[in-house]
Trainee: 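Before I ask anything, here is the structure I am working with.
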There are 4 protein chains.
Amino acid sequence: MTTFGESHGAGIGAVIDGCPAGFEISEEEIQMDLDRRKPGQSHITTQRKESDTVQILSGVFEGKSQGTPIALFIPNEDAKSKDYDHLKETFRPSHADYTYQMKYGFRDHRGGGRSSARATAAVVAAGAVAKKIISHSSMAVGAFVTKVGEIESSMLNAQIEFDLEALQKISEGNIVRCPDDGVAKKMISLIEQVRKEGDTIGGVITCVIKNVPVGLGEPLFDKLQADLAKAMFSINAVHGFEYGNGFAGATKRGSENNDEFYFEEEKVKTRTNFSGGIQGGISNGMPIYFNVAFKPVATIVAAQESVNLQGDSVEVKGKGRHDPCVVPRAVPIVEAMAAIVFADHLLRNRASKI
Amino acid sequence: MTTFGESHGAGIGAVIDGCPAGFEISEEEIQMDLDRRKPGQSHITTQRKESDTVQILSGVFEGKSQGTPIALFIPNEDAKSKDYDHLKETFRPSHADYTYQMKYGFRDHRGGGRSSARATAAVVAAGAVAKKIISHSSMAVGAFVTKVGEIESSMLNAQIEFDLEALQKISEGNIVRCPDDGVAKKMISLIEQVRKEGDTIGGVITCVIKNVPVGLGEPLFDKLQADLAKAMFSINAVHGFEYGNGFAGATKRGSENNDEFYFEEEKVKTRTNFSGGIQGGISNGMPIYFNVAFKPVATIVAAQESVNLQGDSVEVKGKGRHDPCVVPRAVPIVEAMAAIVFADHLLRNRASKI
Amino acid sequence: MTTFGESHGAGIGAVIDGCPAGFEISEEEIQMDLDRRKPGQSHITTQRKESDTVQILSGVFEGKSQGTPIALFIPNEDAKSKDYDHLKETFRPSHADYTYQMKYGFRDHRGGGRSSARATAAVVAAGAVAKKIISHSSMAVGAFVTKVGEIESSMLNAQIEFDLEALQKISEGNIVRCPDDGVAKKMISLIEQVRKEGDTIGGVITCVIKNVPVGLGEPLFDKLQADLAKAMFSINAVHGFEYGNGFAGATKRGSENNDEFYFEEEKVKTRTNFSGGIQGGISNGMPIYFNVAFKPVATIVAAQESVNLQGDSVEVKGKGRHDPCVVPRAVPIVEAMAAIVFADHLLRNRASKI
Amino acid sequence: MTTFGESHGAGIGAVIDGCPAGFEISEEEIQMDLDRRKPGQSHITTQRKESDTVQILSGVFEGKSQGTPIALFIPNEDAKSKDYDHLKETFRPSHADYTYQMKYGFRDHRGGGRSSARATAAVVAAGAVAKKIISHSSMAVGAFVTKVGEIESSMLNAQIEFDLEALQKISEGNIVRCPDDGVAKKMISLIEQVRKEGDTIGGVITCVIKNVPVGLGEPLFDKLQADLAKAMFSINAVHGFEYGNGFAGATKRGSENNDEFYFEEEKVKTRTNFSGGIQGGISNGMPIYFNVAFKPVATIVAAQESVNLQGDSVEVKGKGRHDPCVVPRAVPIVEAMAAIVFADHLLRNRASKI
């Protein structure tokens with residue numbers, strides 16, 4: 001998969017090479033995921049207005065993937081470039097302005113250019129195609145918000161077998177996408193308050209994948225968890241990733257952390273699932289789950305100290321339109337990235353034995 | 001970089017393609033890092049005896065890299081394959097036995113075969129070459145143990161500018177490789193106790209990279225933190241990775257989490273470093289630091305429930321020779337993986353502008 | 001570089017990842033090369049009408065490459081899909097109809113879908129960007145038609161130092177793009193005659209690259225000639241590639257084939273250039289030149305025997321609009337592919353030594 | 001596949017990643033192909049003595065591929081480095097001495113270092129593994145010498161269905177590996193004469209692959225012929241590649257060059273096979289065949305003009321031990337490269353449709 005596009009250019013897109021022929025792909029289905037990510041979907045997201053309408057430019061014929069590269073394009077619409085004129089030569093704290101300037105010698109200052117989270121819309125579109133591929137093998141991926149600030153859902157680190165459908169039904173029913181309605185209300189209140197204060201707040205998304213066939217993942221350099229981690233850290237604002245019992249596992253003993261095997265319904269299962277469904281980099285058939293930590297959005301209203309191109313000290317204040325908390329809209333991005341990783345490994349695994 | 005080799009085969013090795021010509025490379029220097037990883041180095045590690053002596057098979061002429069592939073080989077010596085005969089058809093809990101069996105249809109049961117942590121010796125050897133490349137650009141990488149079980153060093157999450165040399169001097173002076181001698185003692189006691197009980201325990205390694213030039217990392221799919229995360233999750237037993245303030249950042253507000261810029265000594269710096277030296281996937285010149293969480297080693301003495309190839313329930317007890325806690329020996333592995341990622345990005349960055 | 005698009009879909013495009021920041025890129029400049037490839041440019045080419053107007057979708061800001069992916073798109077216009085209805089279930093001889101059907105289980109039958117030479121327009125667009133990169137290092141690439149059927153220019157296999165500018169001036173001045181006006185006339189007559197007979201004819205293109213810095217190319221698997229060959233065989237209808245004295249060299253003795261070195265103007269040069277400017281896979285600073293053989297276009301008016309999906313014998317006759325001889329329009333494609341290879345090696349070579 | 005090693009270092013080797021588990025791999029079988037390439041096998045090859053004994057370092061357990069990287073190593077034995085002392089600062093005409101020196105800043109002058117054709121032994125070893133993979137799908141690859149100097153076998157460009165087994169039986173029965181004993185004798189005489197004169201001569205190898213399943217090859221950038229071409233140009237001294245009717249096709253008309261389809265024995269076949277078994281970059285089930293042109297070996301006894309590092313004019317005379325004609329020993333190299341390309345495409349093709 002390749003993506004392209006900047007926040008305030010003609011648009012953003014993705015090219016998916018290597019999708020097998022024969023999958024039903026439609027703009028409508030891709031649009032459903034894009035709508036879950038698009039701005040302006042509720043009062044706790046940015047008010048930038050983008051319909052994020054996807055066009056399939058190639059690779060699909062008579063409704064089915066042809067085996068050739070699938071190009072997807074999402075034109076930019078509500079690009080208020082003027083909002084960013086005052087930032088042309090100023091580096092916003094904890095944004096990518098300074099690093100892009102230094103790496104490339106100049107930069108597209110409008111909305112962060114390529115570093116904008118807007119580029120993740122292309123990922124979501126490509127992820128919709130990946131979801132088709134993995135669902136053909138009965139796999140299902142679902143993500144939800146399990147933490148905003150200090151408010152935490154009990155689903156964070158629930159290592160037991162998740163009831164994915166039930167959790168998604170709840171989480172997609174509230175605007176913060178939390179799988180616990182009571183906790184969701186508290187999260188929404190917190191985000192509203194943070195927003196009123198012109199501030200932002202971080203959070204955690206938990207993702208679960210069910211019905212994973214045994215054997216996905218490569219022994220050393222393309223371990224399943226390694227590719228998932230890389231994919232998640234490709235998402236803007238992500239600062240942490242753990243799978244199975246993660247950081248908590250570092251405090252445990254082997255005798256309490258090991259997952260014992262048993263047979264049930266002619267399948268090998270584990271009594272616990274601290275391994276998060278992966279052993280030796282390869283899926284063991286149990287559900288795979290992981291947490292992704294997002295830092296708070298860097299754009300805030302309060303004045304901050306910074307410097308500019310000329311080397312002067314300057315004061316920066318957030319204008320533009322931004323999210324007070326990024327995790328509700330990031331749920332489909334996490335799902336898309338996970339689906340892309342699993343689709344890739346599913347196809348690769350076809351060559352693992354004679 | 002490519003690696004090869006299994007725990008109980010002829011040996012393990014690595015081929016490094018793309019190392020520029022002109023670096024001084026010697027077996028002695030590579031050996032120094034291997035000695036930090038090798039088994040039997042203290043009473044809190046496994047007693048398997050391997051001298052882990054590296055041979056340079058190609059790519060070095062008259063002491064310098066030629067620009068051609070550098071092949072490194074470490075013969076296996078103390079391979080007691082018989083220790084594993086009883087495991088030929090049994091799947092050890094939380095090991096890769098079951099997943100390898102299912103993926104490949106059969107497996108090398110001796111010491112975990114390719115899934116053995118022994119394969120990381122090849123990574124350490126390759127990392128020694130990568131360290132030469134990055135040190136030529138003045139970069140330095142250092143890792144140390146900051147947590148064993150619940151015992152924690154204050155250096156875990158110290159986001160201020162680390163005094164890397166001082167910390168390494170202390171951590172390399174004790175057998176647990178902790179940068180705080182008082183905490184080190186407690187960690188060693190805990191590991192001794194765990195070992196006596198036939199059990200194992202997890203831990204956390206913190207890694208710091210200094211003098212990173214501004215501009216390393218690619219905008220979207222090869223962000224610096226994404227490649228670091230992938231590299232770390234390629235190490236056996238790793239279950240969590242966070243950089244900058246990581247999971248803690250998910251609980252923070254933008255107003256307390258942003259890193260304000262200022263000028264000092266004609267350089268742009270940040271007052272805090274919650275970003276962990278990376279913004280928009282690209283290094284900003286501040287120190288880069290991250291934490292890696294290791295689960296406890298899966299091999300324990302106590303009897304555990306499991307199944308075998310034939311589908312019977314069986315009981316498994318650890319024999320073989322294994323570490324009670326993997327983190328002290330994993331320190332050079334984390335450093336090696338980090339060095340490899342930085343060397344790669346350093347070379348790639350040469351093509352970022354005209 | 002990634003490309004996408006089919007003959008009769010929404011359009012075709014390319015995404016160029018890894019173009020350094022700072023190059024001046026404009027739609028006008030890319031268009032100039034596209035106009036040299038576009039259909040309907042003279043009476044000896046197909047009469048399909050496509051303006052082939054390129055749009056830059058991303059990666060360029062204020063007229064310069066940003067370092068981020070550059071996406072180029074060329075919408076399809078004159079797509080007469082109906083012309084192909086009769087071919088829906090028939091396999092045209094020496095086309096890709098049968099192989100696509102078998103590989104993917106179904107196929108876009110309209111104009112060959114992805115197998116259409118139309119996909120090379122995306123290559124030409126990307127090549128225009130690559131030409132900018134290599135011209136910054138003073139390199140120049142030029143191709144011209146040296147053979148049509150049995151009519152041959154003396155420039156075919158002229159291994160002496162070519163006067164590239166003079167040859168291009170002549171070849172771009174006639175519609176067959178031959179660097180010898182007398183020979184060009186004969187070629188044009190032959191193509192006219194072939195066309196009248198409803199037939200097609202093959203040909204050879206010679207390509208020359210000047211001012212190549214010494215040192216481009218990798219020792220074993222990415223030898224310069226290997227990457228050039230791969231690129232040329234990616235072009236539709238190409239059946240042969242030779243560089244330096246090529247197939248003629250197989251009949252020679254070492255004593256007549258070796259290129260002796262001498263100094264001139266403080267540079268190392270060779271007295272002859274049978275090596276074609278490449279030794280050991282690496283450029284030696286002399287001009288690089290190679291020949292590319294194109295088979296005759298497969299679509300002809302005469303009835304041919306074939307089979308269809310159902311397994312019946314059928315008769316196929318060419319409809320659609322096709323070229324009697326593909327080489328005049330293939331000249332910019334060969335140049336584009338060559339420029340892409342050289343741009344790639346130029347950037348890679350930055351990491352060859354300390 | 002990765003290879004490593006230089007002419008006069010510790011040895012040469014290959015690492016094969018991605019070989020599926022379950023193939024029977026033995027040192028004996030690999031050795032058989034190595035013996036066909038090894039020096040000193042007849043009086044028309046170099047007299048350098050190398051047993052070229054292969055060791056399997058990893059990836060094979062109980063005689064079968066494990067799915068993990070297979071490392072092969074061939075120690076160097078008869079490395080008379082002193083033979084090359086006089087060349088330390090001299091650039092031999094039409095060798096890679098000058099280009100390596102310029103690219104890397106220094107070079108291993110002993111026997112050409114990495115640029116030595118000795119590196120192809122690693123390719124032959126890896127090719128033996130690839131042959132196992134493709135033979136499992138009934139494919140067979142065979143190559144033979146069809147031209148030495150001006151002496152040509154009628155099998156060069158025989159586009160009819162080759163009787164591969166019969167041709168191999170003849171060609172492996174004579175020391176020049178020509179599939180026509182009468183022509184073989186003339187070739188051997190020519191090589192003997194050339195050798196006596198201290199000179200060298202070029203030649204052509206033809207390669208045929210039978211029982212290729214329909215559907216191998218990718219539409220645009222990894223066309224089967226493109227990957228074959230790249231592989232062949234990775235072999236030292238190769239200057240030309242053509243498949244199907246190749247350069248001769250450039251002189252043909254569509255009406256005489258097209259391959260008409262028909263049904264026979266429930267299979268789609270073509271009456272002629274000018275396409276060389278590939279259409280649109282994808283195999284069509286007919287035999288695939290191609291020609292590879294080798295220039296004469298550059299090392300000759302006669303004095304030649306050259307320059308040295310210091311910029312002086314010098315005279316170079318061949319010492320060392322070299323082949324008067326490289327094609328007899330290059331036959332297994334061509335086969336190995338072809339087998340590697342087909343094994344790769346066979347495994348990739350598993351992901352072409354649902």
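Throughout, a chain's letter reflects where its sequence line sits, starting with A, and its residues are numbered from 1. Computation of the quantities below employed the complete heavy-atom set of this structure, encompassing side-chain atoms and omitting hydrogens, waters and symmetry-equivalent molecules.
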Trainee: Kindly indicate, with the supporting measurements, whether the criterion side-chain contact (heavy atoms from CB on, under 4.5 Å) is fulfilled by Ile70(A) and Phe4(C).
Mentor: CA-CA 7 Å; Ile70(A) 299 173; Phe4(C) 59 87; over 6 Å; no

Trainee: Quick one: CZ on Phe73(C) to CZ on Phe73(A), what's the gap to the nearest 0.5 Å?
Mentor: 8.5 Å

Trainee: Nearest heavy-atom pair of Phe106(C) and Phe61(A): which atoms, and what distance?
Mentor: CE1-O, 3.6 Å

Trainee: Near Met102(C) CE, under 6.0 Å, is it more than 12 heavy atoms from other residues, nucleotides or ligands?
Mentor: no

Trainee: Distance-only criterion, 3.5 Å: which donor-acceptor pairs connect chain C and chain A?
Mentor:
residue, atom, partner, partner atom, Å
Glu6(C), OE1, Gly59(A), N, 3.1
Glu6(C), OE2, Gly59(A), N, 3.1
Glu6(C), OE2, Thr68(A), OG1, 3.0
Gly59(C), N, Glu6(A), OE1, 3.1
Gly59(C), N, Glu6(A), OE2, 3.1
Glu62(C), OE2, Lys88(A), NZ, 2.9
Thr68(C), OG1, Glu6(A), OE2, 3.0
Lys88(C), NZ, Glu62(A), OE2, 2.9

Trainee: Heavy atoms only, distances under 4.5 angstrom: which of Ala10(C), Pro69(C), Gly105(C) has the most pairs with chain A? Name it, please.
Mentor: Pro69(C)

Trainee: May I ask you to name which of Gly59(A), Pro20(A), Gly11(A) has the most heavy-atom pairs under 4.5 Å with chain C?
Mentor: Gly59(A)

